[in-house]
Amino acid sequence: MSQPISTKPPSGMRDFLAADVVRRRHVLAVVQRVYESFGFVPLETPTIENLGTLLGKYGPEGDQLLFRVLHRREKLQRALAAGAVGELDLADEGLRYDLTVPLARVVANHRDLPAFFKRYAIQPVWRADRPAKGRFREFYQCDVDITGTRSVVADAEVCGAVAQVLRELGFSDFRLLCNHRALLRALVAEAGIPPAHEALALVVLDKLDKVGVDGVQRELADKGVPAAQSGALLRLLAEAREAGALARRAAGDGAGAEGARELLALFAAAGGGPAAAHLTFDPTLARGLGYYTGPIFEIACSDLAGSLGGGGRYDGLIGMFGKQPIPAVGFSLGLERILLVMEERGMFPPLGIGPQVLLCRLPDVTAAAAIGVATALRAQGLRVEIYADEAKLGTQLQYANKVAAPFAAILGGDEVAAGTVALKDLHTGEQVVLRVAEVGARVSRAHLPPR
RNA sequence: GUGGCUGUAGCUCAGUCGGUUAGAGCACCAGGUUGUGGUCCUGGGGGUCGCGGGUUCGAAUCCCGUCAGCCACCCCA
């Protein structure tokens, strides 16, 4: 009959209690303030997009990770009656997978935006991935993007914005890895690897640091890349990592020279901003998302397997919506990745939440009188909770400890008659009788943030 | 998507060579008489042992499946 209902949230999704929420807000407040200081304006887009908008933008693996929204009512009945079995027959909408593609749609759709549209977005996205450490199926991204310009100023600004966020949050040891798609393509081509194997080679390259030279060569061999080619690729990479290699390539006229020049220009420009100390050229950085065309970025932090954020230039994406092609570049920070590291490192300042004053009511005080006092205290700017039940004073004070209220205001018949409360400091145990009008000043003077 | 580990009270876990009514600590509630908490004492509520199936006289315990969580890959934020 009545099956027990699971009280856990769905896989990879979480409930956030007050302590979690204040930490998230703390980070988001910094993100928002910094992004706005760079002149970015907010944009919010729907949770659900048409599948046509989402499909084909992220690469085949991305398409697999899209949450689809099942047809409803007649449409579903028709599809089922027709014996439809394909995913596309059962859904034509899906949950937002990132914030970049919705931005591209908006920019393609609104032709009256400023020439350089600088928008930030802080919204959840959904991926039907397998949860792991720091990886969820619902998570928040904090994006900044600039559309309408190929200038490296834009690339430098998005890098500067995310770097400034991390610095203001207290991070100092992160690296902002940079590479260029054209450089990667050139390397792969020079190694003699056919375009068909290019994507494969890039993925393997990406983990060079983890599995080492032998591991990469083995894995490429398993996937059908001859040892001569993979060896050449690894040699070229080692070269690319040498000091001055990027400048030499930029000075030449071979493949990737243009990309190298762009990267150097980006380093020079961003070097004037908050990203300066963090920029790191990493010729093995690949990034899986399909839409990147030029410089690509990723934020690496020592004690996290994944990245704190990533981004890059995607000059072809907006044009995929069938209108005018518009160049764009952006960066995305992962809120929960940042929170994870900040929690591990104890980087949060004291964050207060909950009542500053618990109003304890004795039996000879009416509810209306208590609410009247609470109202007066709230008018003084205090966060005030009234103990709702009728209970012994001891029980009420114990509850005040439970909710971490720094003060209890004890209200009995005598106090009501005199227009006072007995204000008890729950840390020191000191208690003074004050007129109601004096409580606000006393509490804010003595108040130390809880926790 | 691949491999491994785990799943007992709200939380952290004990209990498992299969054997009566499944335990602890913390948390919660109530008491230790009048309007004073954080300590202490006493008592109490709360669990279809993730779910489904199988083996057995008997399963939290063994087997299979499934779901969920964690870790390492893959990928990403």
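Sequence lines set the chain letters: A, B, ... in the order given, protein chains first and strands last, and positions in each chain run from 1.
Taking atom P on both nucleotides, G50(B) is separated from A9(B) by 8 Å, rounded to a whole Å. A gap of 14 Å separates the P atoms of C26(B) and G43(B), to the nearest Å. Rounded to whole Å, the P atom of G7(B) lies 13 Å from the corresponding atom of C51(B). Only the C1' atoms considered, G46(B) is 29 Å distant from U33(B), to the nearest whole Å. Only the P atoms considered, C29(B) is 16 Å distant from G10(B), to the nearest whole Å. Using atom C1' as the reference point in both C73(B) and C13(B), the two lie 30 Å apart (nearest Å). Distance noted for atom P between G3(B) and U16(B): 31 Å (whole Å). For the C1' atom pair drawn from G25(B) and U21(B), the interatomic distance equals 23 Å after rounding to whole Å.
Both K8(A) and L335(A) sit near RNA chain B, but only K8(A) has its closest nucleotide nearer the 5' end. Between A422(A) and T395(A), the residue anchored closer to the 5' end of RNA chain B is T395(A), taking for each the nucleotide with the nearest heavy atom.
In this structure, G62(A) reaches neither bases nor backbone, as no heavy-atom distance under 4.0 Å exists between it and the strands shown. Contact annotation for Q396(A): no contact, since no heavy-atom pair falls under 4.0 Å across all strands. I338(A) comes within 4.0 angstrom of no nucleic acid atom, judged by non-hydrogen atoms across all strands. Using a 4.0 Å heavy-atom cutoff across all strands shown, E430(A) reaches no nucleic acid atom at all. Using a 4.0 Å heavy-atom distance criterion, D364(A) is classed as making no nucleic acid contact. Residue contacts for G12(A): at a heavy-atom cut-off of 4.0 Å it reaches the sugar-phosphate backbone alone, with no base atom in range. Backbone-only engagement by A132(A) is indicated by non-hydrogen atom pairs under 4.0 Å involving sugar-phosphate atoms exclusively. Residue Y399(A) is classed as having no contact, given no heavy-atom separation below 4.0 Å to the nucleic acid.
Among G35(B), U36(B), A77(B), the nucleotide with an atom closest to any side-chain atom of S307(A) is A77(B). Here the nucleotide nearest the side chain of K133(A), chosen from G37(B), C71(B), A77(B), is C71(B). Checked against U36(B), C74(B), G38(B), the side chain of N401(A) finds its nearest nucleotide in G38(B). Listed nucleotides: G69(B), A77(B), C71(B). Nearest to the side chain of P131(A): G69(B). Among the nucleotides G35(B), G37(B), G4(B), the one closest to any side-chain atom of L426(A) is G37(B). Side chain of K402(A), nearest nucleotide from A27(B), G35(B), A68(B): A27(B). Distance from the side chain of I410(A) is smallest to G35(B) among A30(B), G38(B), G35(B). Between U2(B), A30(B), G35(B), one nucleotide has an atom nearer to the side chain of R130(A) than all others, and that is U2(B).
L423(A) has its CG atom 15 Å from the C1' atom of G35(B), to the nearest Å. In this structure, R137(A) atom CZ and C70(B) atom P are separated by 12 Å, rounded to whole Å. Atom-to-atom, CG of L358(A) to P of G35(B) comes out at 17 Å; the value is rounded to the nearest Å. Counting to the nearest Å, the C1' atom of A77(B) and the CD atom of E298(A) are 9 Å from each other. Note: CD (Q64(A)) to P (U2(B)) measures 13 Å, nearest angstrom. In this structure, L359(A) atom CG and U36(B) atom P are separated by 17 Å, rounded to whole Å. Whole-Å rounding puts the Q398(A) CD to C26(B) C1' distance at 15 Å. To the nearest angstrom, P of A77(B) lies 17 Å from CD1 of I122(A).
Judged by Watson-Crick or G-U wobble contacts below 3.5 Å, the nucleotide G65(B) has C51(B) as its partner. Across the strands present, G19(B) finds its partner in C57(B); the criterion is a Watson-Crick or G-U wobble pair with both atom distances under 3.5 angstrom. A 3.5 Å limit on both hydrogen-bonding distances identifies C11(B) as the Watson-Crick or G-U partner of G25(B). Here G45(B) sits opposite no nucleotide as a Watson-Crick or G-U wobble pair (both hydrogen-bonding atom distances under 3.5 Å). C73(B) is paired with G1(B) under the criterion used here, namely a Watson-Crick or G-U wobble arrangement in which both key atom distances are under 3.5 Å. A 3.5 Å limit on both hydrogen-bonding distances identifies no Watson-Crick or G-U partner for G35(B).
Phosphate contact (OP1/OP2 of G32(B), side-chain N/O of K392(A), threshold under 4.0 Å): present. Regarding contacts with the backbone of G69(B), a side-chain N or O of S11(A) is found under 4.0 angstrom from either OP1 or OP2.
The minimum heavy-atom distance linking P274(A) with F38(A) is given by the pair CG-CZ, 4.3 Å. Nearest heavy atoms, D155(A) versus R313(A): OD1-NH2, 2.7 Å.
A donor atom on one side chain and an acceptor atom on the other are found under 3.5 Å apart for Y120(A) and E36(A). With no hydrogens or angles considered, no side-chain donor-acceptor pair links Y35(A) and D143(A) at under 3.5 Å. Y58(A) and Q64(A) share no donor-acceptor pair across their side chains, judged by distance under 3.5 Å alone.
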**Message:** Show, in sequence, the C-alpha distance, side-chain angles and deciding distance for T280(A) and D282(A), and conclude whether the side-chain hydrogen bond (donor to acceptor under 3.5 Å, both in side chains) test is met.
**Reply:** CA-CA 6 Å; T280(A) 310; D282(A) 179 0; over 6 Å; no

**side-chain contact (heavy atoms from CB on, under 4.5 Å) between E336(A) and R14(A), intermediate numbers included** = CA-CA 11 Å; E336(A) 9 289 292; R14(A) 295 158 301 156; 2.9 Å; yes

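The backbone N or O of Y97(A) lies less than 3.5 Å from a partner atom in the side chain of R127(A), making a donor-acceptor pair.
With hydrogens and angles ignored, a donor-acceptor pair under 3.5 angstrom links the side chain of E415(A) to the base of G35(B).
In this structure, F139(A) forms an aromatic stack with the base of A77(B), since both conditions hold: centre separation below 5.5 Å and plane angle below 30°.
If you look at Y314(A) and Y291(A), their ring centroids are closer than 6.0 Å.
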